[in-house]
Asker: 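I am attaching a structure below and will ask some questions about it afterwards.
Ligands are counted one by one from 1 in listed order, and the atoms in each one are counted from 1 as well. What you see below is based on every heavy atom in this structure, not just the backbone, and it leaves out hydrogens, waters and symmetry mates. The first residue in the sequence is number 1, and the count goes up from there.
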Amino acid sequence: MKLTIDGSRCEGHGRCWTIAPDLFDCDDTGTGVVRSSQVSADALTSAQRAVATCPEGAIELKDS
Ligand code: SF4
């Protein structure tokens with residue numbers, strides 16, 4: 001699975017990196033970024049939780 005963040009929608013709430021710090025971080029402007037776009041099977045549940053929790057709908061998880 002491939003994980004992406006639409007930086008134009010991200011408002012920097014930080015929920016993604018709070019929920020899944022192994023998958024997300026923030027850049028110098030406080031915008032969410034993915035640490036690695038490829039999501040392992042072990043990390044899939046965390047990635048799905050982040051998608052569901054992002055208040056801006058900025059995180060996308062799709063088949064790679
Ligand atoms: S939860 Fe969504 S809006 Fe908040 S920092 Fe992460 S991607 Fe951005």
Asker: Is there a side-chain contact between V33 and W17 (heavy atoms, below 4.5 Å)?
Answerer: no
Asker: On a heavy-atom basis, which atom in I59 and which in C16 lie closest, and how many Å separate them?
Answerer: CD1-CB, 3.7 Å
Asker: Grab the two heavy atoms, one from R15 and one from T53, that are nearest each other, plus how far apart they are.
Answerer: NH1-O, 3.5 Å
Asker: Below 4.5 Å, heavy atoms only, C-beta onward: do V34 and V39 meet side chain to side chain?
Answerer: no
Asker: Using the rule that Ile, Leu, Val, Met, Phe, Trp and Tyr join whenever any side-chain heavy atoms are under 4.5 Å apart, tell me whether L61 and I19 fall into a single cluster.
Answerer: no
Asker: Side chain or backbone of F24 under 4.0 Å from ligand 1, or both, or neither, by non-hydrogen atoms?
Answerer: neither
Asker: Short list, please: which atoms of ligand 1 are under 4.0 Å from a heavy atom of W17?
Answerer: 5 (S)
Asker: Among the protein atoms near atom 8 (Fe) of ligand 1, how many are N, O or S and lie under 2.8 Å away?
Answerer: 1
Asker: List the steps and the verdict of side-chain hydrogen bond (donor to acceptor under 3.5 Å, both in side chains) for S40 and D42.
Answerer: CA-CA 5 Å; S40 68; D42 288 346; 5.2 Å; no
Asker: Can you find a heavy atom in the side chain of D6 that is under 4.5 Å from one in the side chain of E60?
Answerer: no
